[in-house]
Amino acid sequence: MLSSVRERTTRTLDSVAPVLLWLRAELRLDDNPALAGALGSGRPVLPVFVLDDLAPGHWAPGGAARWWLHHSLTALAADLAARGASLVLRRGETSREIPHLVAEAGAIEVHAGHPTEPWARHQMEALGRDLAGQGVRLVLHRTRALFDPDTVLTGTGGRFSVFTPFARACHARGLVEPPCPVPARIPSPPPPPSDRLADWGLTPYAPDWAGGLAATWRPGEAGARAALGAFLDGNLVAYDRRRDVPGAAGTSRLSPHLAWGEISPRRVWLAAIAAGPGKGQVGFLNELLWREFSQYLLHHHPHLPEAPLRAEFDRFPWRDDPAGLRAWQRGCTGIPLVDAGMRELWQTGWMHNRVRMITASYLVKHLLISWREGAAWFWDTLVDADLGSNSASWQWVAGCGADAAPYFRVFNPVLQGQKFDQDGAYVRRFVPELARLPDRFLHAPWDAPEPVLAAARVRLGATYPRPVVLPAAGRERALAAFQSLDRSAE
Ligand SMILES: Cc1cc2nc3c(=O)[nH]c(=O)nc-3n(C[C@H](O)[C@H](O)[C@H](O)COP(=O)(O)OP(=O)(O)OC[C@H]3O[C@@H](n4cnc5c(N)ncnc54)[C@H](O)[C@@H]3O)c2cc1C
């Protein structure tokens, strides 16, 4: 194998050996430093994507993310074709497929984005060594983060574990490098054989549960640009006031585009700066930095997806409650705001940030079910599933992460609903069986007198579930469990 790569490489060098552009989660042409690096070699560029989802033991894309990936790759292949390049698809172990592709194409360099996932980092290091042994250079570029996580350090050279000083340090550095433009053409060699995307079976059938996703999203770079444009034109100015209202659609909905790298965080950041100063802009940049902080945490704490950052949480008395977990997953807990969020997630592959916090809090605090169960469900159902943001956010809600909410902060889903979904638009949309209830009882139907329920055609326990755990009782139980953790540490 080694010698065949060398032979082939030597043969093709004479006729301008190509470089491989290995796309992973930077599925775009605009501001893609890996693409710019490949083009900068002056050689023909062969774009490839490897679906490495067969080996157990790492976080392969979940169901909703696979649906997204299918459509994103379709869009990317068309964009590449319009510039003269073919996207080559392969499925299998990265450690085999990339060297195969290098050999087949006679490539002398591989350009790729820095991986953020811990398993992908190990994979990349091993691959870099293998390729070097074959005389092929693996060149990594920063494609997914604003900053190199190894260079954002405290005044004493340590790592940040609290968000606010981290964000301050990022602001102080600023973005210096300009975005790389979309190339007009991508000189490309004749491509080796490619898998057919349709054969990968990334989209669901029997049943096809993705109708709501298709109605909600436009995966691909053009969709990402459109989402950014719409947000800048409409919602950025009022972002600080409307971002917490789930019924208002006041956020950018860029998260799946950012997760798959259909738009660069740098492009989004600079566009928000160019839109002009204001409270909306400050708040929005702050959220982009939460994304950055999550990636930073994953980089420095590779066990973030599995292990609590606060080690004492290993002893936390999580309950084994399959029925409670199922009720939560299906949006049948009997708590309207929680159910609305879980149904939004199921129907659209996305959930509003505030409602993510409330649904997550209900699972880990009211139901006392481990954050790992919740993170796994989100991983499977979110189109924007991102290992850093998902793991860091779940640990934050559970109280075991960096800069986490204190354990006694237990979101009350009724008060949260009354505050952030005052007119009930969100709950009525996703829990239509409660739509006729007056606002006063919408977020706590168990408090409604029988005639009010009857007039709204609600029968608790029949047309809508009774609460699995009532907010006050759940809060008491959660506080007791968290205090037992404190006592066991004494
Ligand atoms: C339990 C839980 C799990 C989550 N899992 C994910 C996940 O898997 N993937 C993911 O992208 N986000 C996750 N988030 C963060 C956040 O909810 C989403 O990023 C946000 O709702 C996306 O909507 P938007 O694009 O309209 O965000 P906007 O409000 O428009 O914010 C702009 C961008 O900033 C980033 N961002 C915003 N809020 C956060 C945050 N709190 N943490 C990290 N980044 C943020 C996102 O990339 C987002 O697209 C999670 C939050 C919680 C509480």
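Just the heavy atoms: all of them, side chains too, but no hydrogens, waters or symmetry mates, feed the values below.
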Flag yes if more than 12 heavy atoms outside His171 fall under 6.0 Å of its NE2 atom; otherwise flag no.
yes
Between Arg91 and Asp195, does any NZ, NE, NH1 or NH2 come within less than 4.0 Å of an OD or OE carboxylate oxygen?
no
Under the criterion ring pair (Phe, Tyr, Trp, His ring centres under 6.0 Å), which of Trp371, Phe378, Trp377, Phe313 is the partner of Trp394?
Phe378
Could you check Val88, Leu21, Leu27 and say which one makes a side chain to side chain contact (heavy atoms under 4.5 Å, CB included) with Phe49?
Leu27
Between Trp328 and Thr359, is there a side-chain donor-acceptor contact under 3.5 Å, judged purely by atom types and distance?
no
Which pair of non-hydrogen atoms, one from Leu304 and one from Gly388, has the smallest distance, and what is that distance?
CD2-O, 4.2 Å
With a 4.5 Å cut-off on side-chain heavy atoms, are Glu97 and Glu93 touching?
no
Pair Arg137 + Glu109: basic N to acidic O under 4.0 Å
yes
Strictly by side chain to side chain donor-acceptor pair (under 3.5 Å), give each pair with a member in residues 77-89 just once, sequence neighbours left out.
none
Does any donor atom in the side chain of Asp386 or Ser389 lie under 3.5 Å from an acceptor atom in the other side chain?
yes
Salt bridge (Lys or Arg N to Asp or Glu O under 4.0 Å) partners of residues 197-208, not counting sequence neighbours, each pair once
Arg196-Asp199
Pick from Arg24, Arg121, Arg144: which one makes a side chain to side chain contact (heavy atoms under 4.5 Å, CB included) with Thr116?
Arg144
Trp318 and Phe482 aromatic ring geometry - parallel, tilted or perpendicular at 30°/60° bounds
perpendicular
Aromatic ring pairing Tyr239/Phe231, orientation class (parallel under 30°, perpendicular over 60°, tilted between)
perpendicular
Looking at Asp384 and Arg291, does any basic side-chain N land under 4.0 Å from a carboxylate oxygen?
no
Report yes or no: does Arg356 contribute a side-chain atom to a donor-acceptor pair with the main-chain N or O of Met351 at less than 3.5 Å?
yes
Salt bridge (Lys or Arg N to Asp or Glu O under 4.0 Å) partners for Asp321, two or more places apart
Arg319
Looking only at non-hydrogen atoms, find the nearest pair between Trp350 and Trp217 and report the distance.
CB-CZ2, 3.4 Å
Near-ring test His141/His114, centroid separation under 6.0 angstrom:
no
Going by an N to O cut-off under 4.0 Å, is there a salt bridge joining Arg267 and Asp31?
no
